[in-house]
Each structure stands twice: as structure tokens, then as C-alpha cells.
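Data first, discussion second: the structure below is written as C-alpha cells.
Sequence lines set the chain letters: A, B, ... in the order given, protein chains first and strands last, and positions in each chain run from 1. In this text the structure is predicted, and so the values were computed from the model without any measurement.
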Amino acid sequence: MLDKAFDPKSAEPRLYGLWEKSGAFSPVADPAAPPFSIVIPPPNVTGSLHIGHALNNTLQDVLTRFHRMRGAAALWLPGTDHAGIATQMVVERQLAASGNMGRRELGREAFVERVWAWKETSGGTITHQLRRLGASCDWSRERFTLDEGLSRAVRKVFVTLHRQKLIYRDKRLVNWDPQFQTAISDLEVEQREVDGHYWHFAYPLEDGSGEIVVATSRPETMLADTAVAVHPADARYAPLVGKCVRLPIVGRPVPIIADDYADPEKGSGAVKITPAHDFNDFKVGQRHRLPMINILDPFARLNENAPAAYRGLDRFEARKKVVAEFEALGLLRGVENVRHAVPHGDRSGAVVEPYLTDQWYVDAKTLAGPAIAAVEEGRTVFEPRHWEKTYFEWMRNIEPWCISRQLWWGHRIPAWYGPDGKIFVAESETEAKAAAAEHYGRDEPLRQDEDVLDTWFSSALWPFSTLGWPEMTDDLARFYPTHTLITGFDIIFFWVARMMMMGLHFTGEAPFGRVFINALIRDAEGAKMSKSKGNVMDPLELIDIYGADALRFTLTAMSGQARDIRLSTQRIEGYRNFATKLWNAARFCEINGCVAQAGFDPGAASAPVNRWIAGETVKTARAVTTALEACAFDDAASALYRFVWNVYCDWYLELAKPVLQGTDEAGKTETRAMAAFVLETVLKLLHPVMPFITEELWGQTAARAGMLIGASWPNLDDAWIDSAAEAEMDLVIGAIGSGRALRSELNVPPAARPTLLVTEADARQREVLQANTAVIGQMLRVAGLEFEATAGPGAVPYLAGGAAFALPVAEFIDLAAERSRLTKEIAARGADIERLSRKLANADFIARAPSEVVEENRERLTESEAVKVKLELALARLAALQ
RNA sequence: GGGCGGCUAGCUCAGCUGGUCAGAGCGCCUGGUUUACACCCAGGAGGUCGGGGGUUCGAACCCCUCGCCGCCCACCA
């Protein structure tokens with residue numbers, strides 16, 4: 001006996017345990033089963049589940065469960081990311097908060113141990129939260145980006161790319177984060193609008209013949225200026241090109257050069273050039289072979305290359321001092337307030353400095369070629385498609401990828417330096433030593449590169465490293481390339497693009513056939529959720545309140561093509577109600593003895609209502625299947641919602657009641673079997689989205705061999721769609737529906753039981769209505785049906801399903817209300833007639849529109865005219881009545 | 001500066017390749033002790049589909065243009 005209500009709190013952990021224990025999450029071994037695979041976007045190992053994860057993982061689970069039920073060897077491979085900077089930052093903060101030594105004092109080895117310890121304590125959090133969501137990941141295959149297998153893949157890839165000259169060491173400007181004291185990639189730099197100034201500085205010409213004014217928002221960089229540039233075609237400055245200015249404060253002469261980079265329209269038209277501290281200036285410096293003077297240390301303090309008075313000063317202190325000195329020297333020509341973008345580290349929030357260092361780079365340009373082609377040729381398809389433009393845009397303008405990080409938490413770069421600085425890149429120290437010995441002719445001590453790799457380097461290998469690469473494992477052979485990747489648009493560049501490049505380069509195949517980009521979740525007002533704003537919705541809290549199924553259904557239903565989702569608890573509540581509705585439908589079936597019958601053939605049902613619901617079930621199954629195949633998750637959800645609530649519950653079960661309570665035993669048996677069959681089908685179709693409640697009902701409503709998670713997806717026979725049964729049910733449903741609307745509009749008391757007059761109906765229609773007298777009586781609350789009837793005065797007429805009816809309710813109704821209703825209806829029909837006639841009178845329309853469209857319009861006109869005549873008649877009778 | 005997305009009932013959104021496409025949920029209003037369900041049932045009101053122009057027999061859907069809103073990339077003279 002089903003409980004009065006579903007209790008997610010107790011059922012969810014129980015059912016999840018059963019699934020996991022049964023091994024249902026692992027792909028079936030059957031070699032004939034087609035493979036289906038998804039790799040999870042690995043969340044940060046020490047993170048916890050936020051609502052975005054809930055969406056992303058719900059969709060992955062929906063697909064995985066769908067394909068599993070369809071008979072695929074379905075693998076959803078889970079795992080976590082070591083998240084270099086993010087995790088190191090957390091542990092550093094912990095050290096600071098607990099008053100312990102900082103990481104430098106602690107030393108590398110001890111610090112890394114601390115991070116591992118933190119990973120051990122908090123590392124399981126997010127994977128356990130995924131379980132609460134119902135994620136059917138194969139935990140036996142769980143991976144971590146720093147585990148041995150993946151680390152080996154990282155080293156192999158690094159060494160290979162290095163050998164192919166696609167990884168190289170280079171000295172150039174990088175984005176330097178002075179807080180973490182590491183280089184970061186372009187993608188990790190976030191431009192933030194801040195209030196600042198342009199300071200206009202006068203640089204006196206060396207020969208004393210005047211001055212040249214330049215503007216800057218970073219005055220301290222003038223200490224490292226090595227030129228002033230003007231545009232070659234700028235007549236104002238032409239005579240000065242080749243001369244020098246004497247750099248104030250520093251006293252160094254620097255040349256005035258001509259370069260296209262200088263924009264005559266901007267500022268004074270002359271621009272200071274600081275090659276070691278500005279990306280544009282760096283290029284100018286290279287073109288003109290200018291000296292590059294680095295005046296900053298890793299903390300962004302002024303170093304020994306700055307004038308003595310500045311050494312050791314923080315960059316912002318130095319900025320103030322430079323401005324003060326210019327003012328004192330009488331060379332400050334103006335200060336302008338501006339709001340401009342300043343680069344910040346996305347993790348640290350510190351202002352990033354362009355900084356000249358040696359780093360490792362990946363030749364992304366070369367790797368991007370095949371990755372662009374794969375999408376151009378449709379071997380990998382983005383969904384929604386428009387994201388391909390974003391992908392192309394970035395890939396076609398890709399810059400070298402700086403992969404070294406001056407951090408301790410991550411994959412140590414497999415490069416060793418000999419005493420003379422020669423680099424030996426190898427998969428192990430042993431190999432590096434062997435190579436060194438061969439090179440030097442004797443054993444020499446080697447020093448491993450101190451740096452680690454960008455977190456995204458190992459993530460880029462995720463689709464194949466997790467399957468066992470570089471070994472050609474069974475999993476790799478079977479599950480690579482993966483079927484679909486589901487992720488957010490915020491990591492298309494960070495992750496998707498790089499997986500494409502690495503996957504193609506190392507396996508020759510794109511890592512996934514399809515990339516589904518899910519939306520970003522915002523709060524009900526459309527604001528991005530953030531802890532600081534306090535508008536975050538905790539998925540676990542939502543699961544506690546509404547159950548995992550309700551949250552999952554909500555996220556699935558709202559996952560349209562839009563870029564963002566505004567989530568409100570109201571919506572979740574509505575889908576919780578939907579789950580309850582399903583539960584109650586199952587209780588109804590149970591109470592009425594509707595149990596799935598093994599040999600039941602829905603296609604052989606005889607009652608029209610049963611033939612009709614069988615057809616509707618086929619259509620729904622088809623719609624859900626098509627939608628899930630296309631990642632149209634919202635369509636799948638709404639097809640299910642509509643069918644369960646508005647078709648099965650509102651109509652089928654209601655129509656079934658008189659049968660189930662009646663005395664026709666054969667009819668009862670068929671209806672019970674059909675009700676159970678449809679419910680069972682619904683449980684299957686709904687299972688990918690609402691796994692818990694459907695599994696629970698599956699187990700409780702019949703003695704079944706296996707769990708629903710392992711049941712097969714409905715593959716129903718289109719032949720069950722019976723258009724004759726549909727027409728019959730249209731008539732019955734129409735007679736009831738339109739009749740109910742009339743009663744309500746005319747305020748006929750609910751207790752009134754008039755007789756329903758059938759004023760026009762053909763033989764078949766009469767037969768159908770006759771057969772459904774009980775149903776109509778119950779649902780429309782009428783005493784009975786009278787055939788061959790004529791509508792007397794005060795009988796309110798209506799049409800439905802091609803037949804005409806009338807409700808004799810004169811004694812109950814407000815005549816004025818009815819008159820106004822009829823008048824309104826007549827006017828509406830009149831408008832229809834007017835519009836349709838005009839259309840049909842248009843010779844172009846007749847000539848050019850397809851004939852079926854013309855025909856359809858003719859039919860509508862005829863029908864409208866007939867209805868209008870009837871309504872006018874009724875109005876006339878009403879007048880007579882008064 | 002370059003690119004992308006959005007603007008459809010009070011709110012959140014669906015409307016694929018132009019021809020019942022003007023819809024759903026929530027909210028609102030009216031009425032319900034119909035033995036599965038008040039987390040319910042029945043009914044209802046609400047929109048000239050951002051503005052303007054064009055293409056077409058016909059446009060929410062295609063083109064142009066304007067206006068807002070949002071995002072991404074580039075930009076620190």
C-alpha cells in the first residue's frame with residue numbers, strides 16, 4: 001500500500017544505495033551494447049555543490065540514464081580537479097587564519113603535504129553531494145587530475161609536445177599576479193572598470209629646445225621608459241624624430257622614434273614606450289630594438305633598476321612619488337579623471353602587471369588548426385549552435401598559452417636543468433639523468449624546474465586520460481571519443497577548446513561528438529548568484545525542502561536555449577506538486593486494482609478511451625525520445641508534464657472512473673491493465689528526470705524483476721495511434737469541456753443536474769455519446785442525455801466535436817448574462833467571418849497559397865458562418881423567452 | 001573597437017525550416033465537502049509578439065533600421 005505521500009528524505013538515500021550496490025552505474029559488459037559516454041566537467045576537489053553544478057550534472061544524468069535505458073553501455077565518468085591556484089589559495093588562507101607559518105616559511109614539501117591533507121578531509125564533499133542529486137556516475141572509475149595515471153598522461157603529453165616543438169620556453173611579457181607571484185594566462189585576467197587618472201607629463205628635449213607631453217595612467221612605469229613614439233606621418237612631431245628627451249627623475253636620455261603604434265588622435269599624439277611593462281610597448285620595443293628595463297620585483301615592488309629613492313617601494317607608492325616629483329619639477333601638465341579597465345587576477349583580485357619572465361608556452365596556434373576544422377566539418381557540434389561562433393572567434397585569434405605557474409600545488413613541470421642551464425625534458429628524473437649523462441659524457445647533478453603546470457593543462461587531457469591513455473585500455477577503445485560534453489559557456493575557452501586541441505593531437509579524434517552548453521543560473525531578479533550578494537540558492541537545501549526530483553525537473557524544464565535561467569522557489573514548488581500528482585495517480589491505480597499485466601497488448605484494446613490513451617502514450621514517448629536525443633531537455637519535460645497531468649490525470653483517469661466503478665467486468669479488466677500500462681510507461685519516460693520517485697513507484701506498484709534504472713526505454717508501436725478513437729474522444733471531451741465552460745459562465749449551480757440535449761449528431765456520434773452517457777453524466781454533472789432533441793427556448797446551445805448540444809438551464813441562469821455572452825460570441829464569429837472572407841476574396845491568395853491552406857480557410861469560414869447562425873437563433877429564442 | 005544573445009499576457013518563459021501560433025507555468029478573479037490528489041478540481045480575465053520600414057497572397061517567425069537590456073573579447077595615451 002502506497003503511503004499518502006512520497007517522502008524524498010527517506011527514499012532518496014535508500015534508493016541511491018540500492019542503485020549503487022546493484023552495479024547499475026557501471027556500463028554493461030555486453031559487447032553488443034553500443035557505447036555511450038560522458039565525462040564530467042571535474043569540479044574542484046575541495047569545492048561544494050552550487051546550483052550551477054546541480055543544473056550541469058542533472059542534465060548529464062538525464063542523458064546517461066536515458067541512454068542506459070535504451071540499452072547502451074552507458075558510462076558517466078566522474079572525477080575532480082586539483083584546481084591549482086584555487087586550492088592553494090584556500091590552504092594559504094587557512095594557514096594565515098590559524099596564525100601558522102606562511103607557505104614560504106613552511107617550505108614546499110610541507111606545504112604540499114598540507115594541501116593533500118586538506119584534499120583528504122574535504123575532497124569527498126562534492127562527490128557526496130552529487131550522489132544526493134541522484135547522479136548515476138560510475139564511481140568505480142572516479143579519477144582525480146593529480147592521481148598517478150593522469151599525472152603520467154600529463155608528463156607524456158608535455159614531453160611529446162616539447163619534442164614536437166609545440167611546447168617551448170620563452171622570455172616575454174606575461175600577466176603577473178603579484179599576490180600569488182605567478183604568471184597567469186590571458187584567460188585568467190579579468191578587466192575591471194575602475195576610476196583612475198591620466199597624468200600628462202612633460203619630457204624636456206635633451207637639446208633644451210622644448211618638451212614633449214605624454215600621458216599615462218601608470219606614472220611609475222616612466223622609470224622604465226626607453227623611448228617616446230610619435231606617428232611617422234604626424235607633421236607636428238616630424239622634426240623631433242631622432243632627437244632625444246631626457247627622462248625626468250631618471251635622467252636617462254631616451255630617443256623619440258616614429259612608429260605606427262602612436263595614434264595622432266589620442267592625447268598629445270606622443271606616447272611613452274615602456275617595453276618591459278606594457279604589452280603594446282613590448283612590440284614597439286622589439287621592432288626598434290629598444291632596451292627592456294624591468295623595474296619590478298615579483299611582489300611588484302621597485303627593484304634595483306629604479307632610481308635609489310624608489311627601490312623597495314610598492315608600485316602604488318612609487319606612482320604617487322613619481323607624480324609628486326613631476327609636480328615639484330613643474331613638469332606635470334595636467335591630471336584627467338578617467339574610468340578605465342584595469343587587469344586583475346581572476347582569483348586573487350590583485351592588479352596584474354605585465355612582467356618580463358621566462359615561462360613555458362604551448363604553441364596553441366598550431367594545435368588550433370585541427371580543432372577548428374573538426375567543428376567546421378561538423379565532427380563536433382555545439383548545441384545551441386551559435387556557440388560555435390564564439391569558439392571560432394577565439395580559436396582563430398588564439399595566442400600562445402602560458403602553461404607554467406609559480407605555484408606548488410599541481411603537476412611539476414617535467415624539465416630538468418643541467419649545471420650550464422641546458423634543459424632536459426623527460427617523463428622521469430631517471431630518463432632526464434640518462435639524457436644528461438649522455439650529453440655531458442658523465443653524471444651531472446640536475447635541478448628540476450620549480451614550476452607547476454596550469455590546472456587546465458591536465459583538464460585538457462581529461463576525456464582520454466581518465467580512460468587510461470596513454471595505455472590503449474579497453475575503456476579507451478570503447479568509450480573514446482565520448483558522446484556528449486555538457487558544460488557552461490564560461491569555460492569554452494579554458495576547457496572545451498583545449499580538450500579539442502589536445503584530444504585531436506593525441507588521439508586523432510575529437511574528444512566528443514557534441515558539446516551542449518548549458519545556461520547560467522541567476523536569481524529570480526536576474527542577478528548572477530554570488531556569496532557576497534547573498535542571493536545564492538543552495539541545491540542541497542532545495543533538495544531538503546522539495547526533494548531531488550523536484551529540483552531536477554525544474555532545472556531540466558528551464559534548460560532552454562536561453563543563456564540564463566532565472567530560478568525561483570515557486571517554480572520548484574510547482575514541480576514538487578507535479579511529483580505529488582504522479583504519486584497520487586499511482587495511488588489511484590493501486591486503489592482501483594490497476595496492476596501491470598504481463599501479456600497485455602495495448603494495441604488490442606477495444607474501448608475507444610483505451611485506444612485513445614494508448615495512442616497518446618505513443619505520441620508522448622516519441623516526443624520525449626526525440627527531445628532527449630536532441631538535448632531539448634525543456635521539450636522533454638513539458639511533454640511529460642502535460643501528458644501526466646493534463647491528459648492522463650485530468651482526462652483518462654477521470655474517464656476511467658465510471659468504468660472502474662461500474663459492472664462491466666471485461667471493460668474493467670481492460671481499463672485496469674491500460675491504466676497500469678500507461679503509468680508504467682510514464683515511470684520509464686520520467687525516470688531520467690525524476691529518478692527517485694519513479695524508482696520508488698516502480699518498486700511499490702508491482703512485483704517486478706529488476707529496478708527501473710535498468711528497465712528498457714519504451715519503444716511503442718505507432719500503429720496504436722487510432723484516429724477514429726481520437727475523433728470519438730474529441731467528441732466526448734469536447735461535450736464535457738465546452739459544457740462545463742457554459743455552466744461556469746452562466747453560473748449554473750453545481751448541484752443542478754439538467755439533461756444534456758443532443759440536437760445534432762450523426763449515427764456514429766450518437767453511438768459514441770450513448771456509450772459514454774455515464775462518463776458525461778458524472779463529469780458534466782448532467783442527469784442524462786436526450787437524443788433527437790430540439791433546443792427549446794432557454795436551452796443554451798453549444799458545439800463540440802462536430803455535434804451540437806444544448807443545456808436546458810433556463811431556470812438557473814441570468815438571462816442578461818447569457819444575452820451578453822451570446823452577443824459577444826456572435827461578434828467574435830462575425831470578426832472571423834470578416835477576416836476569412838477578405839482573405840478568400842483575395843485573388844492572389846487563391847492563386848499563390850497552397851491549395852490545402854485555401855481549403856482550410858474555406859472550411860473555417862463555413863464553420864464560422866454555421867456557428868454564427870446558431871448563436872443568432874439562440875439569441876432570438878432568448879428574446880422570445882423574456 | 002569587434003562579436004554574441006535578449007526584448008511575446010502582471011511575472012518567468014515556449015513558440016523548429018513564415019499559413020488555427022497568439023501558448024504554458026506562476027500570479028490574479030470566480031466557483032467547488034466530484035471517496036487519487038486543496039501540493040487538489042472546474043471555469044475565467046490578461047498580449048496591436050520593443051518602435052519604424054521592407055519582402056510576401058500571408059510575418060512573432062525572413063530582411064533593413066532604430067531603441068533599450070545583458071554577456072564575451074580587445075583596450076590601461
Fill in the blank from the handout: Quick tally for nucleotides 17-23 of chain B: nucleotides whose base has a protein heavy atom under 4.0 Å get B, sugar-phosphate-only ones S, the rest -, giving --BS---

Fill in the blank from the handout: With sugar-phosphate taken as primed atoms, P, OP1 and OP2 and all else as base, the protein-contact string of nucleotides 37-46 of chain B at under 4.0 Å (heavy atoms; B, S, -) is B-BSSSSS--

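Taking atom CD of residue Glu393(A) and atom P of nucleotide C72(B), one finds them 15 Å apart after rounding to whole Å. Between the CZ atom of Arg753(A) and the P atom of G32(B) there is a distance of 14 Å, given to the nearest Å. A straight line from OH of Tyr575(A) to C1' of U12(B) spans 10 Å, rounded to a whole angstrom. In this structure, the OH atom of Tyr648(A) is 13 Å from the P atom of A36(B), given to the nearest Å. Rounded to an integer number of Å, the gap from Asp278(A) CG to A74(B) C1' is 14 Å. Atom CG in Asp564(A) sits roughly 10 Å away from atom P in C71(B) (whole-Å rounding). With rounding to whole Å, Trp387(A) atom CH2 is found 12 Å from C73(B) atom C1'. Leu679(A) places its CG atom 12 Å from the C1' atom of A36(B), with the value rounded to the nearest Å.
Residues passing the side-chain contact (heavy atoms from CB on, under 4.5 Å) test with Ile491(A), sequence neighbours excluded: Trp456(A), Thr487(A), Phe494(A), Trp495(A). Residues passing the side-chain contact (heavy atoms from CB on, under 4.5 Å) test with Glu856(A), sequence neighbours excluded: Arg860(A). With sequence neighbours left out, the side-chain hydrogen bond (donor to acceptor under 3.5 Å, both in side chains) criterion links Asp549(A) to no other residue.
Nucleic acid contact for Gln191(A): base, since at least one base atom lies under 4.0 Å from a heavy atom of the residue. Note on Asp263(A): a base of the nucleic acid sits closer than 4.0 angstrom, heavy atoms only. Contact annotation for Val271(A): base contact, defined as any heavy-atom pair under 4.0 Å involving a base atom. Residue-level contact check: Arg743(A) touches neither bases nor backbone, having no heavy atom under 4.0 Å from any strand. Tyr261(A) comes within contact range of at least one nucleobase, with a heavy-atom separation under 4.0 Å. At the heavy-atom level, Ala262(A) lies under 4.0 Å from base atoms of the strands shown.
In RNA chain B, runs of at least 3 stacked Watson-Crick or G-U pairs (N1-N3 plus N6-O4 or O6-N4, or N1-O2 plus O6-N3, all under 3.5 Å) give these stems: B:1-7 with B:67-73, B:10-13 with B:23-26, B:28-32 with B:40-44, B:50-54 with B:62-66.
RNA chain B is contacted by both Phe493(A) and Glu265(A); Phe493(A) maps to the nucleotide lying nearer its 5′ end (nearest heavy atom per residue). Nearest-nucleotide mapping onto RNA chain B: of His340(A) and Pro750(A), the residue sitting toward the 5' end is Pro750(A).
Two rings, from Tyr641(A) and Tyr575(A), have their centers less than 6.0 Å apart. Phe382(A) has its ring centre no less than 6.0 Å from the ring centre of Trp387(A).
Judged by distance alone, the side chains of Glu188(A) and Ser185(A) do bring a donor and an acceptor atom under 3.5 Å apart.
Of the candidates C76(B), A14(B), A36(B), A14(B) carries the atom nearest the Asp634(A) side chain, counting heavy atoms from C-beta on.
Separating the P atom of C62(B) from that of G19(B) is a span of 12 Å, rounded to the nearest Å.
Proximity of Asn280(A) to the phosphate of C76(B): a side-chain N or O atom is located under 4.0 Å from OP1 or OP2.
Between the side chain of Tyr355(A) and the backbone N or O of Ala300(A) there is no donor-acceptor pair closer than 3.5 Å.
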